[in-house]
Amino acid sequence: APAGDQPDKKEGASLVVDMSFDVKTLDPGRSFERTGTLVNHVLYETLLTFNGDDVSKPVDGLASYVLSDEDKVMTLTMKDGGAFSDGSPITVDDAVFSLQRVQGIAGNPSFLLDGVTIAKTSDTTLTLTSETPNPTLAYLLPNPSLGIINSKLLTENGGSVDSDDASESFLNGTSAGSGPYILESYDATSQIVLAANPEYRGDQPAYSRIVVRNVIGETQKLNVQAGESQVAIDLNPDQVAELSADELNIKSAPSRYTIYMMLNQDPSISTITSNPDFSTAVKSALDYDKILALAGKGAERPGGVVPSMFVGTLPTERGNQFDLAAAKESLKASGYAGEEVVLHYANDVTVSGIALQPLAETVQSQLKDVGINVTLAAAPEATELDNYRAGKEEMGIWSWGADYPDPQNYIAFAPGENLGKRAGWLAGDAERVERLRAAAQAASFDDRGAAYEELQVALNEDGPFIALFQPVGNIVTAKSITGFTSNSVWTIDLASIE
Amino acid sequence: MTDPLLDIRNVTVSYRQPGVGRLTAVNDVTLSLGRGEVLGLVGESGCGKSTLARSICGLEPVESGSISFNGRQVGRLGFGRRPRELVAIQMVFQNPFASLNPRRTIGSQIEDGLRANPRPDTWTVAGLLDEVELDRSSIARYPHEFSGGQRQRIAIARAIAAGPDLLIGDEAIASLDASLQAKIARLMRKLALESDAALLFISHDLAVVRVIADDVAVMNRGVIVEKGPVAQVWNAPQNEYTERLLSAIPAVDGLGRLPATV
Amino acid sequence: MTAVENTRSRPRRFALPKALRSPLGVIGASIIAVWVVAAVLAPWIAPADPLAQSFPRLQEPGGTNILGTDAVGRDILSRVIHGARISLPLALLVVVSSMILGTVLGAIAGYFGKVLDEVIMRVADLVFAFPTIILALVIAAALGPSLTNAFIAMLVVSWPGYARVARSLVMVARQNEYVVAGRLLGASALTSLWRDVLPNVISPVLVLATLNVGAAILELSGLSFLGLGAVPPLADWGAMVSDGVHQFSSWWIALFPGLAILTVVVAFNLVGDSLRDSLDPTMAKAVNGGKR
Amino acid sequence: MHPLARYLLTRLGIGVVLAFGITLVTFTLANLVPGDPVQAALGEQASANPAIVQQFREDMGLDKPLPVQYVTYLGNLLQGDFGVSVQTRTPVALELQRAFPATAELATAAILLSILVGIGLGLMAALRRGKTVDHVIRLVSLLGISAPTFWLALVAYYVVFYQLRLLPGSGRLSPGAVPPPNVTGFYTIDSVLAGQWATFGDALSHLILPGTVLALSTIGLLTRFARSSVLDVLSLDYVRAARAKGLPSSAVTLRYVLRGALVPIITVLGIAFGSLLSGAVLTEKVFAWHGIGEYAYNGATRLDLPAVMGVGLVVGITYILINLAVDVLYGFLDPRVRRA
Amino acid sequence: MSGLKIRDLTLAIGAVDILRGISFDVPAGTITGLAGESGSGKTMTGMTVCGLQPAAARVGGEIEYDGRNLVGLEERSLRAIRGKEIAMVFQDPSAALHPMLTIETQITDHLRHHAGLSRRDAATRAVETLDNLRVPNPRSALKKYPHEFSGGQLQRIAIAGAIICNPKVLIADEPTTALDVTVQAGILRLLRQLCTDLDLAVLLVTHDLGVMSAVADRIIVLRHGEIVEEGSRFDVITAPREEYTRSLIESLPRSESWGTQKEKAL
Ligand SMILES: Nc1ncnc2c1ncn2[C@@H]1O[C@H](COP(=O)(O)OP(=O)(O)OP(=O)(O)O)[C@@H](O)[C@H]1O
Ligand SMILES: Nc1ncnc2c1ncn2[C@@H]1O[C@H](COP(=O)(O)OP(=O)(O)OP(=O)(O)O)[C@@H](O)[C@H]1O
Ligand SMILES: [Mg+2]
Ligand SMILES: [Mg+2]
């Protein structure tokens, strides 16, 4: 229905949203950064989706689904009446094309569909077949990276489902989806402008135009206070604490990030951090409450790496605890004699508005209290990532954001896995952890919580990772904004803002 | 007849001038000078006198022709030290304020000269200071403590210290007060002749050259237009340019005679 | 003409005392002296350990922490005082090293001319064609942030200034008749450069260096501000201002280190100015021309 | 050939060589970086997959040996192709087209302001040498050159925008405002060309604060320089001669003094431009001015080699062109140069 | 009598007395020579007559011109006289002409200001004047810049600028010192001729006694800001009364005194 049919107080007005950009592309098949995800969520509809804030249960999007008993085959049935912004209908072919393209062009999000075979089974259905049981697949499909693209339009503009695809720059200028908004303009450095999609078959959003601007956190605060913007996304708790709830709406929710510290287990990298006693010493030497205070009001400290809103999160009491005496004892046992250890971190990133630098400084100062000499090595993330991913950092502070709302995502911390390897923790290094890991992955839905908790306890004790805290995500809006939904996948649903 | 001390044959020197091309500053000049001779070189500003002097010292590359000194070819002075034999050509410059290093005592600068002298015991610094009528206590002082005329004497002392066979004065008295000019010019002549050296005295002022030189060469636009004994050139110039030069000099007779122009 | 004047009025030795007789020079020198004392005595006069996170976070100025505390509860006054121990020596080191490097290269270019001149000065042009901070940024990013690398970056970008000035001064100075006289007395080119030319161009270069200390502090702090200089938790002024960007309404975090930079730079400029004013005009002009 | 034309051609030739040198330096430097641009560009999960990493390398031509990469780059460059940003996979030329005018507009505003104010103040100070005005101006210019730009930017932002709400804080236009049709990339000029006066006012009001902050240090530089060169000229014979002709002092000042002082002032403009660009890198960060400074910073910290090289080139060429312009202006003002 | 009458002129800067009460006349139709060693105050005298002494200077005494005392006259009235009635020529023409302005601008701007002439009329007058002073191609010369002329031509141009408003008094400060003798001769002739033809009162500052001897009608010798000798050209040069003047004349290479010294040296 044309927007004009529904008289609305905000019709014609632009909504201004400030966030700090990390966008690299608006091609959904390539984009996996926060900004791109936020925007693509309203440009493209997905086969499944989440209902508002609730990420615990995927719901129907462009399709409905059934999962086979062994969790291996998912059958999706397309709904009728969907149309792209150019008016053409959404077909099952578009769905197959879009998903296959994500796999074929091998971009950042292609891992979401690793080991999945996509097939059209009828004019209204398609199946996603996994080699191994894949109960999380339904939680992945709402990801905006798996948004459904107008395949005809894209093919005309260089799109394909393999590495020959050349449609990225087209998608950076024109959206080819069916979401409530269409792309008006995109500038990776300054702003992204969205306009309401007149062909959208759902309810028209309240704002006909949205400007998402690239602004650093501190400036976001000033802008939203000054009324220059209506939504600020990256305010840290300190900044939020200075705002008055009388003038602005503040919505705080735990973020999907875990900030953790890593101690390399590879003796060729460091004989110190790979020493289990040293590791234990560090774990008890940190004053977690004080560190949490840095993260500000609303931040939490789950006992392990799994954030508080996911199944299987570990209660704080079961996590590592500050114990100065124990720390000194373990340190003595480790034979550490005051050598310098290097703590790496990126100095140009903030996680939910929290800079890593004060954190690193605090860790350094706390470890100093037990006698551990830490040297800080700060670098831009780009430089540091390489070091880290190659497993060359002695100690590091990093963050992990859930790719999808499921504890399975945190298997990455296990030995031999993605993050484990970066800490020099290889398969076979920790028998107990690996056993518990297998158990957790095999657990059925109801038992998973307990299994993952056990795994985290073992990770805490034997592993090279120390979960520091889970920051709070703050969304601050002007009083004129009366409501919106937000969740850990797409941060805020722009179309829901009223 | 023995070879003259300085033998300049068909020397041409030119400068590259940006945007204009080459400017021939010295054009096919032939001159020679023997020991004990005092040659005056006159000409208007820019006629190439300094260029010729600099070529004799090896400071400008000679485009064609040759300069030989004591039978030795004068080459262009490069990065290295000047050949020992050529150190016997010394020069005194026009600007008394730029001819001494302001950061070194005059004693050490005169010693530089002595060190270059093949017979260093001919002179002492003190002796040289006596010779140029400066107080011996000046040794430890710096150039800025001296007046222009005194500095010029120090520069002469330094040149003499090197025991030159050829002393060149390039407008050495031009920037001095009228009352000092005579004194310094006389000093140069005296010292040069006492040490049996030749003196090439360059000036744009024919009247000055007339009273100090034995022979005079007149230069115009890079060319030597006339050369001869001073009296002859002064009283009976052969060249039209020399004549013009001479007649333009105002006579100091209080008669109000305007100098001639052409 | 100019040569006459320039030799006539040039003081024999470096004219420090006379230059500092000007009231502004005195003020500048006093401010520098205060900062130098602060730097030397920092451990004793700073009220707290600059690294100790022992205070409540983000305290406003006043109370126990005169200038407030930062985001991790460190005393800003102590950090500002200790900051002098980083900024001052490093800036001096940058200036002295680039002065030596630049002067040597510039003097060689100016004295020998020809190919050497072309090569050296074209490289200098190349460096000049980059805005300092961008080149420094690339270098610092390439080598990783650290004070050493910031130093290297600054060295690379600042020597050409000295080279240009030294070159132009040497080109004039080598025309001086005493230089020629020295050569005529048998000095080799290098001896001449070392003995007759360099001593007579060094004072303007020193003045330029003094003037540049301020600029060096500014640029170093700019690098630190961008996170490419001092490594935390070092109390570096630029880095402290940068902390303030994330903590805007805690204005004291950025204000005081910024004021510290301002005062030091003003002081060095005052001293540099009076030194330059004590130079003779032609040399002073050379100094001006080489300023970036 | 006309000597001036030949001179310009020579300078242009040197410029080309310089530009080539810039690419070489940037390329070498950027490849010294210990990090891997591919890691920087790829996400957590993707970077763990060797196949994806490999394909990304191939896409970006990063699998080739460095000299080959460089030659390829140069070859493309000759066709106006600056390569594709490793980070955003957008052609660098396109991104520069967006970022450069932003900075150019800011820098132009700043330099115009500095010329006007700087020369004016310098002249005033010189003419009133030793008076109170002179001292005040000297103090102001001293503060101008001594204050760290990034700090000034913060202070100005905090006071003028945050506390006083006098001027808009960040960005080039008010949020939601549509940029004028792109002709020059300068919003002020483009809006005038399109007759959009509201947009012009908006763009101008956004320009004032960062422009002034940026100009302050240049104003300081120019004021000092103008003062000293006016003083130099004031003592010259031709000024004495002009006064001896009984001309009114305004005529002496404007026709004789300023004209003579302008030449050395012009020569520092090139230098001033360099310092302006440096300042821009720092100012843009505070004012969310998405220009070349920010682009350079991001490029450098994210190991985006083509981006950094693009910036280096554009900035270097601009610098060369500005200095060329300065030279031409110089020749225009000083007839002696025109001939030589 | 037109011309200048200077009476008891004093000038002090700070505690330094630069002129200590000098009195002399510069009558119309004559060239009055002002000689003296360097720093004796020759230039200062000339500048003070024009009211162009340094701002810090204190002037006393009288400079009578056209029935008025120029000392203490307000700046505006002085400016009306300066350039129009009393003109100056400086030592180094290449320094006294602005390198960036055309000859036309420089020799007509005060003409237009003082006489209110249009640009064209002023140019016509300039061409005439240049022509009179034997500057080649006067019309095209107007469009040129100073660097395109030789020193002698420049001095002629500068003199043209000085006399273009038909002044009554001309102050020439060492107008030939920077020039070659051959060129100097031409300029001296020109000065003489202008003085006679235009009935100018010329004050010629120079330390060159040869120049004095050639053109000055009367010679005044200054030393330490005081007049130490004054008289007709012939008297001063042939029979100097002051020791200082005598030493100046004796040191001249034109006299035979050098010759005897040369013999001595041999
Ligand atoms: N380094 C140089 N480069 C280019 N041209 C030069 C150079 N030195 C001198 N000239 C030119 O060469 C010509 C001769 O110069 P030179 O200095 O020999 O003259 P001069 O007779 O000594 O004059 P003066 O009496 O003024 O000293 C002049 O036209 C001058 O402009
Ligand atoms: N602006 C000034 N301020 C102070 N003293 C000055 C100034 N100008 C000149 N003097 C002094 O006034 C005295 C006379 O100077 P003036 O220029 O008249 O000398 P001069 O006879 O013209 O010398 P010269 O032959 O060197 O031109 C000198 O002692 C000089 O130092
Ligand atoms: Mg000469
Ligand atoms: Mg004088």
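Just so we're on the same page: letters track the sequence lines, and every chain starts at 1.
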Asks: Rounded at 0.5 Å granularity, tell me how far CZ in B:R244 sits from OG1 in E:T182.
Replies: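 Spacing of CZ (B:R244) from OG1 (E:T182) equals 6.5 Å.
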
Asks: Does B:P250 reach the side chain of E:M212, with side-chain heavy atoms less than 4.5 Å apart?
Replies: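 They are not in contact (no side-chain heavy atoms under 4.5 Å apart), so the answer is no.
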
Asks: Between atom OG1 of E:T238 and atom CG of B:D253, what is the distance when rounded to the nearest 0.5 Å?
Replies: 9.5 Å

Asks: Heavy-atom count check: over 12 atoms from other residues, nucleotides or ligands less than 6.0 Å from E:R139 CZ?
Replies: no

Asks: Under 4.5 Å, counting heavy-atom pairs only, tell me which of E:D180, E:L179, E:I237 racks up the most with chain B.
Replies: E:D180

Asks: Stepwise, does the side chain to side chain contact (heavy atoms under 4.5 Å, CB included) test hold for E:V181 with B:D205?
Replies: CA-CA 8 Å; E:V181 267; B:D205 194 342; 5.7 Å; no

Asks: Do other residues, nucleotides or ligands put more than 12 heavy atoms under 6.0 Å from E:R189 CZ?
Replies: yes

Asks: To the nearest 0.5 Å, tell me how far E:S213 OG sits from B:L255 CG.
Replies: 6.5 Å

